[in-house]
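None of these values were measured; they are calculated from a predicted model. We count ligands from 1, going down the list as the structure has it; atoms in each ligand are counted the same way.
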Amino acid sequence: MSATDREERVHVLCQAAVHADACRKCRIGYERRNNVYGEGDPCARLMVIGEGPGETEDQLGRPFVGRAGELLNKMLAAIDLKREEVYICNVVKCRATMETPSGLRNRAPDPQEIANCRPFLDEQIDVIRPSVILALGAPAAKSFFGSAFQITKMRGRWYEGPRGIPMMVTFHPAYVLRQTGGEINAVKRLVWNDLKQVRAKLDEPPPVPPPEQATLFEA
Ligand code: URA
């Protein structure tokens, strides 16, 4: 990877972040404090895709910086990855909320919000071209594989993601944090199995490019 390639990716991502910040296709674009575009290594081999920013992310304009983010950092460390080595983003870039008697609460983004935000995510995938994608939680998985995706039955397997990139789906760290009693360890064990598969995929030798035609005919 040349320095120029890295610089170009940074440039394209910065411009895209400006466009995302200006986007008002959805109501949540007017309601959020910050657009949470994404962050990390523009040349990352692993891209992590969550659902959408929560309150802390909305305040700081950065993905996964609340409690779920702390757990995500630990999950990455468990497979020898630093947060700065991967690229972290979400299916939607604005915090989706609903009014409740006890105040503003996070909610899952709706299908129209996901569709409106998709060009930003597609561009991130195109620019970063990761070797592996890790999707966190059912809303992220459903946004790629449809509403029939059942995370409890279908996580932990490889799927073909956008651009043919292998995608693993695991539980969202916020879901892990919501577990109580004996469930915590059972869910953590499942997540650990999924993460080990991600590590193994990243450790696979890169595919050998076919020899160029010209060399086939060299004497
Ligand atoms: N949950 C998500 O899905 N994304 C974040 O950025 C934070 C919490």
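At the shortest separation from atom 4 (N) of ligand 1 among protein heavy atoms lies N90 OD1, 2.8 Å. Of all protein heavy atoms, the one closest to atom 2 (C) of ligand 1 is G52 O, 3.0 Å.
Between the R45 side chain and the L202 main chain, a donor and an acceptor come within less than 3.5 Å of each other.
A continuous path of ILVMFWY side-chain contacts below 4.5 Å connects V86 to L136, so both sit in one hydrophobic cluster. At a threshold of 4.5 Å between side-chain heavy atoms, the hydrophobic network of Ile, Leu, Val, Met, Phe, Trp and Tyr places V91 and I28 in two separate groups.
Heavy-atom contacts of G50 reach the following atoms of ligand 1: 3 (O) (cutoff under 4.0 Å). Taking a cut-off of under 4.0 Å to the non-hydrogen atoms of H172, the atoms of ligand 1 that pass are 1 (N), 2 (C), 3 (O).
Taking a cutoff of 4.0 Å between a charged side-chain nitrogen and a carboxylate oxygen, D41 and R6 qualify as a salt bridge.
Both the backbone and the side chain of E51 come within contact range of ligand 1, each with a heavy atom under 4.0 Å.
Of the N and O atoms on the side chains of Q112 and N116, at least one donor lies less than 3.5 Å from an acceptor on the other residue.
Relative ring orientation between F145 and Y159 is described as tilted, the plane-to-plane angle lying within the 30° to 60° band.
Ligand 1 does not have R62 within reach: every non-hydrogen atom of the residue lies 4.0 Å or more from it. Residue contacts with ligand 1 leave out G69, since none of its heavy atoms falls under 4.0 Å from the ligand.
Of the polar atoms of F64, at least one N or O is found under 3.5 Å from an N or O of ligand 1, judged by distance alone. When only interatomic distances are considered, the shortest N/O to N/O separation between E57 and ligand 1 does not fall below 3.5 Å.
Around atom CD of E160, no more than 12 heavy atoms belonging to other residues, nucleotides or ligands sit under 6.0 Å away.
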